[in-house]
Number of protein chains: 2
Amino acid sequence: MAVRPGGAAAPPLSSELSPVDGLAQLSFVILGMLERRAAADDISIAQIRLLGVLRDRTPTMNELARILRLDKSSATGLVDRAERRGLVRRMPSVTDRRAVLVGLADNGRSLISEVAGGFETDVLALLDRLPPRDRQALSRLVSQLLVTYAADHGIDLFATSDPESR
Amino acid sequence: MAVRPGGAAAPPLSSELSPVDGLAQLSFVILGMLERRAAADDISIAQIRLLGVLRDRTPTMNELARILRLDKSSATGLVDRAERRGLVRRMPSVTDRRAVLVGLADNGRSLISEVAGGFETDVLALLDRLPPRDRQALSRLVSQLLVTYAADHGIDLFATSDPESR
DNA sequence: TATTGTTATACTCTATAACTATA
DNA sequence: TATAGTTATAGAGTATAACAATA
């Protein structure tokens, strides 16, 4: 925490954070929640991201690397370790004998559900600190922000893509 | 991205994310901005966190590890690598000959300022997507959320602590 | 004895470069 | 030739356990 941007501005005196600082700290808090839930199941954020992507996709290694913004070799290692733990499976592509499809194994599906459920509990508990009207307002504003941002960056925010299109 | 919690709920049909999903994705976007600015200066998030903490503190290794929630040995390695790059300095404590104080070197101070400045630019550009009233509302809600959360978790949100108390 | 910090070691995660096998 | 994936290798980051110096 505490990246305190600017170099210029002094820390605030009141009990209100700067918008930038607030969003930065909130991001650390929220990803910290995810990390703690993951650690409770002895798994890393990288593995959680992998399993999260595979929840609604069965991509090739190549697509997987692109989605996670990793080098192909990093994806190989990530999938290797997940496969060794029985969380994912490699399957041959029927249309391209060079390609390898990656899918969730049952263990992986239950694990990601558990972690995601715990994470949701944590975030909802955090939101419960606000009165209902504020909670709704925050949720709306965050959505609005993301929708415009995602549109400009070619991100599919609601990515539930066609499993098996190969 | 896409951790999509729950296992229960289906993805939304409208153009509004669930509150949990929205906050999670927003967190990834914001920390991604920080990571990209850091990478532009060829430095990691871990190093940025270290330098960020040292902006307004000169802690012992022990305190540093506690603040960053790392094992002492991890802090040793982190500071080793930062020191090798001339970003921080180790200094002896005058009151406890076992202890080692860690402080920013000039290079470290200019580097963290640059990264933090760029990050601030990015986040402000993101916030500019909202009309001013919404922007203010979001900022207020985020602050409010953090203040209550921090109070309950013993986190000093406005940490500008006494440099040199040893 | 307890605490501070480092070292030795091991594992995960990431990237670059070189390689194999398909296309 | 170009693409998909793996392997070899290197470095950062983290943790546990053992250790030296000091309190």
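The chains referred to below are lettered A, B, ... by the order of the sequence lines, with proteins before strands, and numbering in each begins at 1. Since the model is a prediction, treat every value here as computed from it, not as a measurement.
For the pair Glu35(B) CD and dA12(D) C1', the interatomic distance rounds to 13 Å; values are reported in whole Å. One atom, CG of Asp42(B), and another, P of dA15(C), lie 13 Å apart when rounded to the nearest Å. Rounded to whole Å, the distance from CD1 on Ile43(B) to P on dG11(D) is 18 Å. Rounding to whole angstrom units, CG of residue Asp71(A) and C1' of dT16(C) are separated by 7 Å. One can place CG of Asp80(A) at 13 Å from P of dT14(C), the figure rounded to the nearest angstrom. If you take CG of Leu68(B) and P of dG5(C), they are 14 Å apart, rounded to a whole angstrom. The CZ-C1' distance, from Arg49(A) to dT12(C), rounds to 15 Å in whole Å. Rounded to a whole Å, the CG atom of Leu50(A) is 14 Å from the C1' atom of dT14(C).
Judged as a side chain to side chain contact (heavy atoms under 4.5 Å, CB included), and not counting sequence neighbours, the contacts of Arg98(B) are Asp96(B). Residues satisfying the side chain to side chain contact (heavy atoms under 4.5 Å, CB included) criterion with Leu70(B), sequence neighbours excluded, are Leu68(B), Ser74(B), Leu78(B). Residues meeting the side chain to side chain contact (heavy atoms under 4.5 Å, CB included) test with Arg109(A), sequence neighbours left out: Leu104(A). Every residue two or more places apart in sequence or in another chain that forms a side chain to side chain contact (heavy atoms under 4.5 Å, CB included) with Glu83(B) is listed here: Val88(B), Arg90(B).
Considering only side-chain N and O atoms, Arg81(B) lies nowhere under 4.0 angstrom from the phosphate OP1 or OP2 of dG11(D).
Relative to the side chain of Leu70(A), the nucleotides dA15(D), dT14(C), dT22(D) differ in distance, and dT14(C) lies closest. Comparing dA23(C), dT22(D), dT16(C) by their nearest atom to the side chain of Ser73(A) picks out dT16(C).
Atom CE of residue Met33(B) and atom CG of residue Leu126(B) lie 4.5 Å apart, to the nearest 0.5 angstrom.
With the nearest nucleotide of DNA chain C identified for both Gly77(B) and Arg84(A), Gly77(B) has the one nearer the 5' end.
Proximity of Arg85(B) to Ile43(B): side-chain heavy atoms (C-beta onward) are separated by under 4.5 Å at one or more points.
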Can you give the donor-acceptor pairs under 3.5 Å from side chains of residues 131-138 of chain A to other protein atoms, not counting sequence neighbours?
{"residue": "Arg135(A)", "atom": "NH1", "partner": "Asp128(A)", "partner atom": "OD1", "Å": "3.4"}
{"residue": "Arg135(A)", "atom": "NH1", "partner": "Leu130(A)", "partner atom": "O", "Å": "2.8"}

Taking only nitrogen or oxygen atoms into account, show me every contact under 3.5 Å that the protein makes with nucleotides 3-5 of chain D, one pair per line with its distance.
{"residue": "dT3(D)", "atom": "O2", "partner": "Arg98(A)", "partner atom": "NH1", "Å": "2.6"}
{"residue": "dA4(D)", "atom": "OP1", "partner": "Asn62(A)", "partner atom": "ND2", "Å": "3.1"}
{"residue": "dA4(D)", "atom": "OP2", "partner": "Asn62(A)", "partner atom": "ND2", "Å": "2.9"}
{"residue": "dG5(D)", "atom": "OP1", "partner": "Met61(A)", "partner atom": "N", "Å": "3.3"}
{"residue": "dG5(D)", "atom": "OP1", "partner": "Val100(A)", "partner atom": "N", "Å": "2.7"}
{"residue": "dG5(D)", "atom": "OP1", "partner": "Val100(A)", "partner atom": "O", "Å": "3.2"}
{"residue": "dG5(D)", "atom": "OP2", "partner": "Asn62(A)", "partner atom": "N", "Å": "2.5"}
{"residue": "dG5(D)", "atom": "N7", "partner": "Lys72(A)", "partner atom": "NZ", "Å": "2.7"}
{"residue": "dG5(D)", "atom": "O6", "partner": "Lys72(A)", "partner atom": "NZ", "Å": "2.9"}

